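Report on the structure given below.
What you see below is based on every heavy atom in this structure, not just the backbone, and it leaves out hydrogens, waters and symmetry mates. Bear in mind that the values here come from a model prediction, so they are computed numbers and not experimental data.
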Amino acid sequence: MPELPEVETARAVIAEAALDREIAAVDDSDTWVCRPLPPGQIAAALVGRRLVAANRRGKTMWCDTSDDGPVLSLHLGMSGRIVVTDPDGHPVEGGDPVRGLSAVSPDRDPVWDRFTIEFADGGVLRLFDKRRLGRVGLDPDLTRLGPDAGQVRASDFRVRMSRGRAPVKARLLDQSVIAGVGNLLADETLWQARLDPHRRVDTLDRRDLDVLLRALRAATKRAIRRGGVHTGEVIAHRKPDGHCPRCGSPMARATVGGRTTWFCPVEQV
DNA sequence: CCATATGTTAAAAG
DNA sequence: ACTTTTAACATATG
């Protein structure tokens, strides 16, 4: 489920529940998720230290470590979640208040744990990721990430968004332009802004770009507050026979930016 | 078996 | 050379 809002929730969970706890052991044996580092390298870097801060830009998280240790980077990929447990093994859930993982969820099956930190107090932090597209590493390179979608300034947004002639949705999804927007948040934002996902960025005027940024900020804040991008107004209508929740027109499906795209062909122009 | 999936990125195409 | 699109990645699910 991870787009910017879900990642922010995961970051907040780490910040509130995983900091300043001594790390006793680390399982970094999944060489796909932890590539290209060899097994044991992340463990060697973390054991004996503590996480001291949890940061995020777009969908990338990183944690500073004590004693001038290296930075731990975490990316949830397409299906990753962060679970932190207290010393009694009880999960400290942030995240989706409606559909959050529960202690008895089948999603708890450890076969899908791709990376685990065991704290000296008995609790753990783990990356749970069925699809295995998440990534864990050390000292991440953030230079190829644009400014966070929730913090980018209007003037910067306009310049970055309007360069070139890609479809506006493809540009929203480009993490080097704006970091954090995924497929669902892009559809929600464009629907709120009443912009056709196909619109080439060079056809957007300043008014369009300001409307788009307002929609992006609102959709992002709302998704964080309500527990995820799937709580967006139009998301439930992204399906065959779905209808625009504003005007009732049948939703249209297309591929834009390489991703399945749903939009209202009447209102989004 | 086929299609689809909330992400990233190397390779190909333009 | 730079920008944009496609394909592939690993895995689960309908």
query = Taking atom P in both C:dA1 and B:dT9, what distance in whole Å separates the two?
reply = 23 Å
request  = Establish, for the pair A:R21 and A:F119, whether the NZ or CZ atom is under 6.0 angstrom from the six-membered ring centre and no further than 45 degrees off its axis.
outcome  = yes
key: Donor-acceptor under 3.5 Å (A:S29 side chain, A:P39 main chain)   = no
request  = Could you work out which one of B:dT6, C:dA10, C:dA12 sits closest to the side chain of A:R131?
outcome  = C:dA10
task = Check whether any side-chain heavy atom of A:D121 lies under 4.5 Å from a side-chain heavy atom of A:E22, and answer yes or no.
result = no
inquiry  = Nearest to the side chain of A:R253, heavy atoms from C-beta on, is which of B:dT4, B:dT8, C:dA10?
reply    = B:dT4
query = On a whole-Å scale, what distance lies between the P atoms belonging to B:dA11 and C:dA10?
reply = 15 Å
task = Can you tell me the distance, in whole Å, between the CG atom of A:D109 and the P atom of C:dA12?
result = 10 Å
ask   = Is the phosphate of C:dA10, meaning OP1 or OP2, less than 4.0 Å from a side-chain N or O of A:K130?
value = no
query = When the distance from CZ of A:R163 to P of C:dT4 is rounded to whole Å, what number comes out?
reply = 9 Å
task = Give the rounded distance in Å between these two atoms: CG of A:D129 and P of C:dA10.
result = 13 Å
inquiry  = Any salt bridge linking A:E267 with A:R246? Criterion: basic side-chain nitrogen under 4.0 Å from a carboxylate oxygen.
reply    = yes
query = When the distance from CD1 of A:I178 to P of B:dG7 is rounded to whole Å, what number comes out?
reply = 16 Å
message = If the threshold is 4.0 Å, N to carboxylate O, is there a salt bridge linking A:R238 and A:D187?
response = yes
query = With respect to the side chain of A:V229, which nucleotide from B:dT6, C:dA10, B:dT8 is positioned closest?
reply = B:dT6
task = Just compare C:dA10, B:dT8, C:dT5 and give me whichever is closest to any side-chain atom of A:A166.
result = C:dT5
note = Taken to the nearest whole Å, NE2/A:H230 to P/B:dG7 is 14 Å
key: Nucleotide opposite C:dA10 in a Watson-Crick or G-U pair, distances under 3.5 Å   = none
note = Ranking B:dT6, C:dT4, C:dT11 by distance to the side chain of A:R165, first place goes to C:dT4
ask   = Which nucleotide in the list C:dT5, C:dT11, B:dT8 gets nearest to the side chain of A:P167?
value = C:dT5
task = Nearest whole angstrom, please: distance from the P of B:dT8 to the CG of A:N183.
result = 11 Å
query = In whole angstrom, what separates A:D141's CG from B:dT8's P?
reply = 14 Å
message = Once you apply a heavy-atom cut-off of 4.0 Å, does A:R259 come out as touching a base, just sugar-phosphate, or nothing?
response = base
ask   = Which part of the nucleic acid, if any, lies within reach of A:T260 when heavy atoms closer than 4.0 Å are counted: base, sugar-phosphate only, or nothing?
value = sugar-phosphate
Spacing of the P atoms in B:dT6 and C:dT4 (rounded, Å) = 23 Å
request  = In whole angstrom, give the distance that lies between atom CH2 of A:W262 and atom C1' of B:dA5.
outcome  = 14 Å
message = Please pick, from B:dT8, B:dT6, C:dC9, the nucleotide with the shortest atom-to-atom distance to any side-chain atom of A:W32.
response = C:dC9
inquiry  = I want to verify a distance call: between B:dG7, C:dT4, C:dT5, whose nearest atom is closest to the A:R171 side chain?
reply    = C:dT4
inquiry  = For the CG atom of A:D109 and the NZ atom of A:K130, what is their distance to the nearest 0.5 Å?
reply    = 8.5 Å
